[in-house]
There are 2 protein chains.
Amino acid sequence: MKARVLVRLKPGILDVQGASVKRALAGLGFTEVRDIRIGKVIDLELDGLDAAAARQRIDEMCARLLANPVIEDFTVESLPGS
Amino acid sequence: MKARVLVRLKPGILDVQGASVKRALAGLGFTEVRDIRIGKVIDLELDGLDAAAARQRIDEMCARLLANPVIEDFTVESLPGS
């Protein structure tokens, strides 16, 4: 099955990359950008697991490697057709 | 309005980060991972634009700054409640 994991900084954590991109966009004339935050998208393809088992394995992967639980949150989305 | 931009390497481009994470996951026992690709998620909040105008401005931002059109594709998703 296929799944998409979004890893983002927790709300209280300063997003230096986002702030920098926001300033760069303003410099290019995109002054309508009120807020911008940048994270990671991880597209996974897993072998031979049903949705519930896959979801549990993905949570484990995030906790152990894909996300830093101190400063990052993650959300898992199943993709249609998987 | 709020929007989510996903920036990913084009299909033909080698995803070095993804390959490295896949190997690391296999080392941790997650051998069911068949494929993994890593990109960026950019959460945008824009001032005072309707959906169509915002979509056009976001496409411009991607073309000029957020994505590298030589090696990356981007997709724009409107978020509910925006």
Side-chain angles (χ1 to χ4, degrees), chain A residues 1-11 15 17-50 53-67 72-77 79-80 82, chain B residues 1-11 15 17-50 53-67 72-77 79-80 82:
Chain A
M1 67 161 277
K2 290 182 183 183
R4 175 200 284 176
V5 180
L6 299 173
V7 180
R8 299 186 176 97
L9 288 171
K10 290 187 177 178
D15 180 0
Q17 192 184 2
S20 164
V21 168
K22 187 186 169 192
R23 208 166 40 239
L25 284 172
L28 288 172
F30 297 104
T31 50
E32 70 271 40
V33 178
R34 192 192 312 156
D35 193 32
I36 181 168
R37 289 183 74 82
I38 299 180
K40 282 177 292 185
V41 54
I42 302 169
D43 293 304
L44 284 166
E45 215 176 312
L46 300 185
D47 273 332
L49 289 175
D50 63 51
R55 173 64 205 249
Q56 197 186 342
R57 290 292 277 175
I58 292 171
D59 283 348
E60 281 175 45
M61 290 177 208
C62 289
R64 294 190 60 190
L65 186 76
L66 301 180
E72 290 174 328
D73 284 329
F74 63 88
T75 52
V76 180
E77 300 172 356
L79 294 187
S82 62
Chain B
M1 68 160 275
K2 291 182 181 182
R4 178 200 283 174
V5 180
L6 299 173
V7 180
R8 298 186 177 96
L9 287 170
K10 290 187 176 177
D15 180 0
Q17 191 184 3
S20 165
V21 168
K22 186 185 169 191
R23 206 164 42 238
L25 283 171
L28 289 171
F30 296 105
T31 49
E32 70 270 41
V33 178
R34 192 191 314 155
D35 194 32
I36 181 168
R37 289 184 74 82
I38 298 180
K40 282 178 291 186
V41 54
I42 302 170
D43 293 303
L44 284 166
E45 216 175 312
L46 299 185
D47 273 332
L49 290 175
D50 64 49
R55 173 63 205 248
Q56 196 186 342
R57 290 291 278 174
I58 292 171
D59 283 348
E60 282 175 42
M61 291 177 207
C62 288
R64 294 190 59 190
L65 186 75
L66 301 180
E72 290 173 328
D73 284 329
F74 63 88
T75 52
V76 181
E77 300 172 357
L79 294 188
S82 63

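Each chain gets a letter, A, B and so on, in the order the sequences are listed, and its residues count up from 1.
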Requested in this report: Tell me, yes or no, whether the heavy-atom count around Gln56(B) atom CD, taken from other residues, nucleotides or ligands under 6.0 Å, exceeds 12.
Outcome: no

Query raised in the report: If you round to the nearest 0.5 Å, how far is CD of Gln17(A) from CD1 of Ile42(B)?
Result: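 Reported to 0.5 Å precision, the distance equals 8.0 Å.
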
Query raised in the report: Rounded to the nearest 0.5 Å, how far does CD of Glu32(B) lie from CG of Leu44(A)?
Result: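 Those atoms lie 9.5 Å apart.
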
Query raised in the report: Any idea which of Glu45(A), Arg64(A), Arg4(A) has the most non-hydrogen atom pairs under 4.5 angstrom with chain B?
Result: Glu45(A)

Query raised in the report: Highest number of heavy-atom pairs under 4.5 Å with chain B: which of Asp35(A), Val5(A), Leu28(A)?
Result: Asp35(A)

Query - Top of Arg8(B), Arg57(B), Lys22(B) for chain A proximity - count of heavy-atom pairs under 4.5 angstrom - result: Arg57(B)

Query raised in the report: Looking at Leu49(B), Val41(B), Leu65(B), Leu25(B), which has the largest count of heavy-atom pairs under 4.5 Å with chain A?
Result: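 The answer is Val41(B).
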
**Report entry** Salt-bridge present (Arg37(A), Asp43(B); N to O < 4.0 Å)
**Finding:**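 The answer is no: the pair does not qualify as a salt bridge.
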
**Report entry** Nearest heavy-atom neighbours spanning Val21(B) and Leu66(A)
**Finding:**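 That closest heavy-atom pairing would be CG1-CD2, 3.6 Å.
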
Report task. Would you mind checking which part of Leu46(B) comes under 4.5 Å of any heavy atom in chain A, side chain (CB onward), backbone (N, CA, C, O), both or neither? Result -> both

